[in-house]
Amino acid sequence: MQKVIEDIDILANDSAQHEACETVKVSEDENTGKERKLYIESYGCQMNFSDSEIVSSIMKKEGFDTTSNFNEADVILLNTCSIREKAEQTVRARLSQFNTVKKQRPEMMIGVLGCMAERLKSQLLEEEKVVDLVVGPDAYRDLPGLVKQVDEGQKAVNTFLSREETYADISPVRLNSNGVTAFISIMRGCDNMCSFCVVPLTRGRERSRDPYSIVNEAQELFNNGYKEVTLLGQNVDSYKWSPEVNNKARLEKSGVSEVITFANLLEMVAKVHPDLRVRFSTSHPKDITDEVLHTMKKYENICNYIHLPAQSGNTRVLDIMNRTYTREWYIDRVDAIRKIIGQECGISSDMISGFCTETEEEHQDTLTLMDYVKYDFSYMFFYSERPGTLAAKKFKDDIPLEVKKRRLSEIIERQQKHSHERNQKDVGKVHKVLIEGFSKRSNDDLQGRNSANKVVIFPKKHYQKGQYVNVLVDRCTPATLFGNIVD
Ligand code: SAH
Ligand code: SF4
Ligand code: F3S
């Protein structure tokens, strides 16, 4: 089973832009002569990685340089994830390692941010003695004050959730950046109540960020040499911004009164520059509209790729998951994507095996849905009960672990087959690829992604990251396409 878990990580790492993979990101060395050093380690989804960039920006103003070495840090921050039990266990194991470090350097400050901080609040201080600081996702502006409180010898907690906070005015400090691709957070929180999911509890109510600040951030990135932005939200299709609701002052100033939908926002960002690729994640099957698909079709620089998590292929299971769509509705959305954008549009999914009461037949429905869609790739998990969620309150977590894992391995095996089939269809074709850097295995090769988000590897020649090239693909594995640049 270990092998299976490693496979999930391989798929997740290769696409490098997805939510909910068990990867860690660490801050880099920065020496601008500031007084103190901050080490920040981020777990969980892209939203968390993006928040760490906001946190770094706030801390920079407070006199901190970032470092990649926690041994030289004055402050260590862990930006945590609660999505599955394993994610929390990883953080707890890390905290006990830091316990040893702190014994040698008691003055070192240790803080927990993000979803685990929000879920456990001050309970974390009791359970993990090494922690000085607990800050939830909507309270990062309060960090300077909280750090000061710890400096003065107290413990500090702020886990208030906000209905308005979007950090719209904070320019993120780009961490772990390749200088080519970047993420822009367009909304926060989630108003859906998927019964398995802890996110509404840890991230609070959904709110959309001012579209003009999003466009400005995209423009600034482009001016700084970036060639791709990914717009991030738990459910981007429900993005909605109306000046009346969100900012009366702006309405009075500009006279703008229309409501801006996700399709409108996509178009606004696509117009920043034809050489700036636009991606987005995550789309919700209940909310994705034909208007969004037509907007994708209209702009060449909006990538042909949609992450459309199904979670299950069975209508009864979807119902108790509270996903608010049926198998048929989901299939209709996939058909719409194929019809409006085309067969080559990349589609990926998230799947959960062994949700409460799931029968073998219902599990088979997930496999047959996969056969119908033939996803390019998927993130696949077995159900992990989360305290406080609707499912934890209402249903018994009654599928034995071995059954969950066996069903998961069947899902993974099916996905591997489909990924290979879908990649084979790309062989013999020329793909426009944005170069992101050297391939992981060799400095003689470059790697980038095509519009459908597939990783493509090819000999370097005289090309460099940030350039668009046409690559003739001549072979593939289930995870990667290989080829040569055609000049
Ligand atoms: N907003 C996104 C997903 C956020 S969480 C969406 O609506 O699809 C990322 C993925 O983690 C989910 O899609 C789901 O597949 C998985 N996940 C969430 N809660 C889980 C749980 N309790 N057990 C196992 N997997 C879970
Ligand atoms: Fe969780 Fe559902 Fe919201 Fe996604 S849409 S974050 S799965 S509650
Ligand atoms: Fe993301 Fe994990 Fe929170 S997936 S929203 S960091 S629970």
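As a basis for the values below, the full set of heavy atoms in this structure was taken, side chains included, without hydrogen atoms, waters or symmetry mates. Order of appearance sets the numbers: ligands from 1, and atoms from 1 within every ligand. Numbering of residues begins at 1 and proceeds along the displayed sequence.
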For [atom], tell me which residue out of [options] has the closest non-hydrogen atom.
atom	options	value
atom 5 (S) of ligand 3	Met116, Gln234, Met47	Gln234
atom 6 (S) of ligand 2	Arg323, Met193, Gln234	Gln234
atom 22 (N) of ligand 1	Cys45, Pro285, Pro200, Ser384	Ser384
atom 10 (C) of ligand 1	Asn235, Asp350, Thr282, Thr389	Asp350

Quiz item: Touching ligand 1 at all, Lys286? Heavy atoms, strictly under 4.0 Å?
Solution: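 Checking ligand 1 against Lys286, which is what was asked, there is no heavy-atom contact under 4.0 Å.
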Exercise. Could you tell me if any non-hydrogen atom of Ile352 lies under 4.0 Å from any atom of ligand 1?
Key: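 Within the 4.0 Å threshold, so yes.
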Quiz prompt | Ser82 to ligand 3, any heavy atom closer than 4.0 Å | solution =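 The answer is yes, since Ser82 has a heavy atom less than 4.0 Å from ligand 3.
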Below 4.0 angstrom from a heavy atom of [X], which ligand 3 atoms are there? Numbered from 1 as shown, please.
X	result
Cys115	3 (Fe), 5 (S), 6 (S), 7 (S)
Asn48	6 (S)
Cys81	2 (Fe), 4 (S), 6 (S), 7 (S)
Cys45	1 (Fe), 4 (S), 5 (S), 6 (S)

Suppose I only count heavy atoms of [X] and a 4.0 Å limit; which atoms of ligand 1 are within that range?
X	result
Pro309	8 (O)
Arg386	22 (N)
Arg84	11 (O), 16 (C), 17 (N), 23 (N), 24 (C), 25 (N), 26 (C)

Just by distance, do the side chain of [X] and the backbone of [Y] share a donor-acceptor pair under 3.5 Å?
X	Y	answer
Asp74	Lys37	yes
Lys405	Glu402	no
Glu128	Leu124	no
Asp132	Ile110	yes
Thr282	Asn235	no
Arg188	Arg203	no
Thr366	Gly313	yes
Ser378	Met380	no
Tyr167	Tyr140	yes
Thr202	Glu118	no

Heavy-atom contacts under 4.0 Å between [X] and ligand 1: side chain, backbone, both, or neither?
X	value
Met321	neither
Tyr379	neither
Ile83	both
Gln311	side chain
Phe196	both

Residue portion contacting ligand 2 (non-hydrogen atoms closer than 4.0 Å) for [X]:
X	answer
Asn192	both
Cys194	both
Pro200	side chain

Quiz item: What are the atoms of ligand 2, with element, lying closer than 4.0 Å to any heavy atom of His284?
Solution: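 Under 4.0 Å from His284, ligand 2 has these atoms: 5 (S).
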Quiz item: Against heavy atoms of Cys190, which atoms of ligand 2 measure under 4.0 Å?
Solution: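 Taking each heavy atom of Cys190 in turn, ligand 2 has 3 (Fe), 5 (S), 6 (S), 8 (S) under 4.0 Å.
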Quiz prompt | Working for side-chain contact (heavy atoms from CB on, under 4.5 Å), residues Ser349 and Leu308 | solution = CA-CA 5 Å; Ser349 184; Leu308 194 70; over 6 Å; no
Quiz item: atom 1 (Fe) of ligand 2 to Cys197: any N/O/S contact under 2.8 Å?
Solution: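 Yes - counting backbone and side chain alike, Cys197 has an N, O or S atom under 2.8 Å.
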Quiz item: Does the pair Arg207/Asp138 count as a salt bridge with the N-to-O cut at 4.0 Å?
Solution: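 Here Arg207 pairs with Asp138 in a salt bridge, since their nearest N and O are under 4.0 Å apart.
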Practice problem: Would you please determine whether Arg203 falls within less than 4.0 Å of ligand 2 on a heavy-atom basis? | Solution: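 No, Arg203 has no heavy atom closer than 4.0 Å to ligand 2.
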Quiz item: Do Arg94 and Thr90 get their side chains close enough for a donor-acceptor pair, meaning under 3.5 Å?
Solution: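 The criterion, which ignores hydrogens and geometry beyond distance, is not satisfied for Thr90 and Arg94.
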Practice problem: Before giving the answer on side-chain contact (heavy atoms from CB on, under 4.5 Å), spell out for Tyr383 and Cys356 the whole-Å C-alpha distance, their side-chain angles and the decisive distance to 0.1 Å. | Solution: CA-CA 8 Å; Tyr383 174 58; Cys356 313; 3.7 Å; yes
Quiz item: Is there at least one pair of N or O atoms, one from Gln234 and one from ligand 1, spaced under 3.5 Å apart?
Solution: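 Yes; at least one N/O pair falls below 3.5 Å.
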Quiz item: Between Glu385 and ligand 1, is there a nitrogen or oxygen pair with a distance under 3.5 Å?
Solution: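 No; the residue has no nitrogen or oxygen that sits under 3.5 Å from a nitrogen or oxygen of the ligand.
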Quiz prompt | Lys/Arg cation over aromatic Phe381: Arg84, 6.0 Å, 45° cone | solution =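 Yes; both conditions hold, so Arg84 lies above the ring face of Phe381.
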Quiz item: Tell me, do Pro478 and Phe377 make a side-chain contact under 4.5 Å, heavy atoms counted?
Solution: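 No, side chains not in contact.
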